[in-house]
Amino acid sequence: MGSSSTLTEAHHENLFASVLARLQTAAEKIQLKPQVLKVLSNCQKEIKVSLPVVMDNGNIEVFEAYRVIHSTHVGPSKGGIRYAMDVNDDEVRALAAWMTFKCAVADLPYGGAKGGIKCDPKKMSVGELERLTRAYAKAMKNVFGVNLDIPAPDMGTSGREMAWIVDEFNKMIGEDVPGVITGKPINIGGSLGREAATGRGVMVNTLQALEKLKIDPKKATAVVQGFGNVGSHAARLLFEQGLKVVAIGDHSASIYNPNGINISDALQYVSKNNRVLKGFTGGHEIPSDQLLTLPCDVLVPAALQNVINEHNAPKIQAKIIVEGANGPTLPEADDILNQKGILVVPDILANSGGVTVSYFEWVQNKAGFYWSEDEVNQKHDIKMKTAFGKVWANMEEYKVSMRIAAYITALKKIEKAVMDKGFY
Ligand code: GLU
């Protein structure tokens with residue numbers, strides 16, 4: 001997770017500027033129509049609300065909450081809701097724009113959005129979280145909608161919050177519309193395979209990248225930063241594919257074992273240990289800022305944004321970086337990684353497995369007909385491999401990094417949609 005000072009500094013970076021920098025580069029490569037670039041350089045709609053919540057001690061706390069819709073050119077907007085202390089308008093804008101590009105790379109019929117509440121869910125009781133979440137759903141009554149704007153989980157939220165939101169929303173509109181939100185628990189219209197989907201997408205992208213570099217997965221080593229929903233499933237699935245996962249880390253500890261960590265043991269450990277790795281004995285603890293620079297074939301940053309910067313990028317030894325998190329690499333680190341010949345499978349491709357299975361959940365909700373886990377996984381893998389193939393082809397055609405190629409892939413689709421629909 002980087003040293004704490006690095007993280008504090010990182011949080012002050014302007015994330016939306018990171019998006020615009022890449023957007024600009026990709027736009028120049030394909031001579032994107034300037035009016036399309038102008039449209040996509042702004043968010044369509046930004047909502048900020050103050051949510052008063054009665055806390056368990058009887059006091060009222062007021063929380064800042066956001067929903068930003070970046071684009072609805074391709075379809076209704078889609079994107080998660082994040083609960084974290086560093087949530088702010090700039091961050092939500094960037095995350096919303098990334099959703100637009102991510103959905104386009106994965107070829108989903110969606111635009112992009114993101115929501116967030118500035119809070120520390122770890123310090124709140126379940127009751128407080130429920131009241132806050134329901135207040136947020138009420139405030140978003142005219143924003144969310146099955147064909148309008150469809151939220152999902154992100155950092156700090158899970159199926160539990162999605163269930164409260166769908167319940168609150170359905171009560172407000174007086175109808176049962178499960179597809180208004182995805183990432184729900186299975187028994188109330190969630191999709192099999194959704195919970196592991198982002199990690200699964202990371203695994204499929206890793207295998208594709210290894211194949212391109214002619215590295216045998218059974219002889220490859222991996223380091224995974226983050227052991228939440230994305231990191232833990234990614235580590236498990238890579239481990240199941242025969243990769244040797246030599247290090248894992250979360251906010252509590254980083255664990256290294258050059259002989260390979262048994263990920264099943266690590267998962268069992270965190271399930272009994274408040275979801276944190278601290279104290280896990282399947283390897284030895286190392287300082288967290290060493291995790292990203294360990295020798296390995298595949299590095300998966302699956303925790304926070306802005307963790308790979310110009311200071312640590314020169315020291316990264318991985319051959320491939322597969323971005324499980326949104327925005328883990330700063331633009332100034334991109335050039336360093338490219339010069340070092342490290343293949344970076346960018347976030348808007350690498351972590352698009354989650355929203356891809358969200359799309360499947362929405363389709364199943366609309367049809368009222370549910371698929372088996374195998375069916376979901378098979379369809380997911382096909383979508384992911386197709387997206388990887390398209391990005392790879394654009395990388396070769398335009399002689400750019402995989403990141404810029406992913407933006408190019410997205411922009412080609414979105415440009416057509418913007419031109420077809422018009423600007424108004
Ligand atoms: N929050 C996830 C992401 O950043 C999933 C979004 C969704 O499923 O709509 O991709």
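When a residue number appears, it is its place in the shown sequence, counting from 1. Remember, it's 1-based here, ligands and their atoms both numbered in the order they're listed.
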Quiz item: Which of these, Tyr256, Phe227, Phe239, sits in a side chain to side chain contact (heavy atoms under 4.5 Å, CB included) with Ile248?
Solution: Phe227
Quiz item: Among all protein non-hydrogen atoms, which one is nearest to atom 9 (O) of ligand 1, and what is the separation to 0.1 Å?
Solution: Lys78 NZ, 2.8 Å
Quiz item: Considering only heavy atoms from C-beta outward, does the side chain of Leu411 approach that of Leu23 to under 4.5 Å?
Solution: yes
Quiz item: Applying a strict 4.0 Å limit to heavy atoms, is Arg194 in contact with ligand 1?
Solution: yes
Quiz item: Hey, is Arg200 close enough to Asp381 for a salt bridge, meaning N to O under 4.0 Å?
Solution: yes
Practice problem: Measure Asn326 to ligand 1 on non-hydrogen atoms and call it side chain, backbone, both or neither using the 4.0 Å cut-off. | Solution: side chain
Self-check item: His70 and Ser77: CA distance, side-chain angles, deciding distance, side chain to side chain contact (heavy atoms under 4.5 Å, CB included) verdict
Solution: CA-CA 8 Å; His70 173 254; Ser77 50; over 6 Å; no
Quiz item: In terms of ring plane angle, is the pair Trp362 and Tyr110 parallel, tilted or perpendicular, where the classes change at 30° and 60°?
Solution: perpendicular
Self-check item: Where ligand 1 meets Met99 - atom numbers and elements under 4.0 angstrom, heavy-atom basis
Solution: 3 (C), 4 (O), 6 (C), 10 (O)
Quiz item: Are side-chain heavy atoms of Val87 and Ile117 found at a separation under 4.5 Å?
Solution: no
Exercise. Report the nearest protein non-hydrogen atom to atom 8 (O) of ligand 1: residue, atom name, distance rounded to 0.1 Å.
Key: Ser358 OG, 2.5 Å
Exercise. Assess Lys114 for proximity to ligand 1: is some non-hydrogen atom of it under 4.0 Å away?
Key: yes
Exercise. Could you list the atoms of ligand 1 found under 4.0 angstrom from a heavy atom of Lys102?
Key: 3 (C), 4 (O), 10 (O)
Quiz prompt | From the candidates Ala152, Pro153, Gly79, Gly354, the one that places a heavy atom nearest atom 2 (C) of ligand 1 | solution = Pro153
